[in-house]
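Report on the following structure.
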There are 2 protein chains.
Amino acid sequence: MSLRYALLAILRVGPLSGYDLQKQFSQSVGHVWHAPDSQIYPELRKMEAAGLVEGEDQLRGARGTRRVYHVTPEGDRAFMEWMGSPLDYQRVRDPAHLRAAYLESASPESAREFFRKHIQVWEGELAQFEGELTHIQNVSNPMLVRRLEKMPDGDREATIEYKRLAYQGLVDRAQVEINWAQRGLDLVTRLEKEKVDDDVPD
Amino acid sequence: MSLRYALLAILRVGPLSGYDLQKQFSQSVGHVWHAPDSQIYPELRKMEAAGLVEGEDQLRGARGTRRVYHVTPEGDRAFMEWMGSPLDYQRVRDPAHLRAAYLESASPESAREFFRKHIQVWEGELAQFEGELTHIQNVSNPMLVRRLEKMPDGDREATIEYKRLAYQGLVDRAQVEINWAQRGLDLVTRLEKEKVDDDVPD
DNA sequence: AAAATCATGTAAGGGGTTACATGATTAT
DNA sequence: ATAATCATGTAACCCCTTACATGATTTT
């Protein structure tokens with residue numbers, strides 16, 4: 001549902017081919033909304049059918065072509081409308097906390113492995129988010145720079161600040177996950193120790 | 001993918017009909033894994049076909065029946081195997097942070113509305129999680145009590161502690177979201193004030 | 001000449017959402 | 001008698017995932 005608006009958000013900065021968009025995607029909006037190319041190309045076609053974007057085939061070498069899309073006024077309206085509409089929140093579906101709630105059914109080693117992987121995954125995310133945050137604060141993200149160039153002076157601060165807030169939120173979230181999993185590892189160790197004490201009381 | 005294991009987690013405590021399971025669901029695992037009845041009934045049938053559970057039709061009144069499911073040894077094995085296997089992490093797809101990153105395209109009032117709703121939604125979740133956490137700490141959750149009764153003494157502490165950890169993690173997460181949205185509201189106000197100062201410099 | 005990467009998809013299948021459908025039983 | 005709730009689904013649709021497919025162009 002949001003893919004469409006994630007694509008519009010990028011295309012509003014300037015026209016792009018599906019291929020370029022997909023590359024940009026993984027480096028900007030892709031941090032908050034992942035999409036594989038197998039989803040992007042068809043979605044662009046659907047958006048074109050809906051009149052939100054228009055594509056033009058450009059020649060590339062002798063025979064090759066690439067289709068470059070730009071946002072139509074209607075696409076712009078649709079984006080604005082989405083920005084002003086209430087977000088629909090998905091119901092919780094959290095495999096990590098589901099499993100955590102039943103870890104007594106696993107071996108201590110499995111439990112440890114689970115928390116270790118959780119930390120590893122979220123450390124990865126954290127690194128990405130922090131990198132992005134730095135780029136935002138230094139105004140060194142190319143996409144952001146292009147966007148800033150195309151807007152009146154008065155809107156620039158807001159653009160930077162909202163992006164910063166968004167990524168700061170992601171950083172906070174990643175840190176909470178890492179912290180939580182760390183406490184999980186401590187708990188595994190504590191329970192294991194108590195178990196041994198029970199078995200061999202003196 | 002996890003629905004099956006969420007259902008097994010509940011059924012391992014004791015046999016239930018689809019209807020009862022669905023009720024229990026919303027009060028326990030449902031906090032971490034939502035599922036509507038239209039998904040639960042067919043999934044139970046599939047699990048039965050896969051040999052993980054067995055259902056028996058029980059009479060109810062003169063003509064009515066209800067199908068009560070219990071976990072088979074194979075279902076038990078499947079659950080244990082899942083507990084020991086690495087969790088597959090879904091790619092990020094976060095509509096709230098996506099929108100937050102582009103809020104300069106919205107009116108201050110829309111931005112405020114967005115953050116307010118975010119707070120409201122997560123306050124709701126927080127209340128649920130905190131309530132659950134209290135029930136865990138007081139050992140006053142009926143499902144938990146039934147589970148504890150069916151296990152050896154030595155496993156009880158682990159069961160309680162892991163559940164507590166899981167819900168503590170959810171509480172932490174909810175608080176981070178609320179906190180973040182609060183900062184968002186502050187930012188909207190700050191930007192609006194600066195905008196006015198720009199327009200009317202003295 | 002071979003490898004990388006540019007460029008654009010299709011097809012099958014899984015999981016989830018929403019809406020609809022149906023009838024029995026128990027409580028008021 | 002009526003309303004609530006017990007009880008169990010089906011059907012259509014959308015989004016996403018994974019795997020596969022294909023060929024052109026640029027770089028080494």
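Residue numbers start from 1 in every chain, and the chains themselves are labelled A, B, ... in the order their sequence lines are given, proteins ahead of strands.
Ring pair B:His118/B:Trp180: centre-to-centre distance below 6.0 Å.
Residues satisfying the side-chain hydrogen bond (donor to acceptor under 3.5 Å, both in side chains) test with A:Glu104, not counting sequence neighbours, are B:Arg147. Evaluation of the side-chain hydrogen bond (donor to acceptor under 3.5 Å, both in side chains) rule for A:Arg77 yields no partner, not counting sequence neighbours. Scanning for salt bridge (Lys or Arg N to Asp or Glu O under 4.0 Å) contacts around A:Arg93 gives an empty result, with sequence neighbours left out. In terms of the ring-ring contact (aromatic ring centres under 6.0 Å, His included) criterion, B:His34 has no residue partners (sequence neighbours excluded).
Straight-line distance from the NZ atom of A:Lys23 to the P atom of C:dA7: 10 Å, rounded to whole Å. When rounded to the nearest whole Å, the span between OH of B:Tyr41 and P of D:dT8 equals 5 Å. B:Leu44 places its CG atom 11 Å from the C1' atom of D:dT8, with the value rounded to the nearest Å. One atom, CZ of B:Arg4, and another, C1' of C:dG16, lie 15 Å apart when rounded to the nearest Å. Computed from coordinates, the B:Asp37 CG to D:dT5 P distance equals 15 Å when rounded to whole Å. Between A:Arg45 atom CZ and C:dA7 atom P there is a gap of 15 Å when expressed in whole angstrom units. Atom CD of B:Gln22 is separated from atom C1' of D:dT8 by 10 Å (rounded to the nearest Å). Here the C1' atom of nucleotide D:dG9 and the CG atom of B:Leu21 are 15 Å apart, to the nearest Å.
For A:Arg112 and A:Ser107, the side-chain atoms include no donor-acceptor pair closer than 3.5 Å.
Of all the residues in residues 49-69 of chain A, A:Arg60, A:Gly61, A:Ala62, A:Arg63, A:Gly64 reach under 4.0 Å from DNA chain D with at least one non-hydrogen atom.
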List the steps and the verdict of salt bridge (charged side-chain N to carboxylate O under 4.0 Å, His left out) for A:Arg164 and A:Glu132.
CA-CA 9 Å; A:Arg164 175 151 79 169; A:Glu132 217 15 57; over 6 Å; no
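Regarding contacts with the backbone of D:dC6, a side-chain N or O of B:Tyr19 is found under 4.0 angstrom from either OP1 or OP2.
Between the CG atom of A:Asn141 and the CG atom of A:Leu148 there is a distance of 9.5 Å, given to the nearest 0.5 Å.
Comment: A:Glu56 does not engage A:Arg67 in a salt bridge, judged by the lack of any side-chain N to carboxylate O separation of less than 4.0 angstrom.
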Nucleotide-resolved protein contact map, nucleotides 14-22 of chain D, B/S/- at heavy-atom distance under 4.0 Å:
-SSBBB---
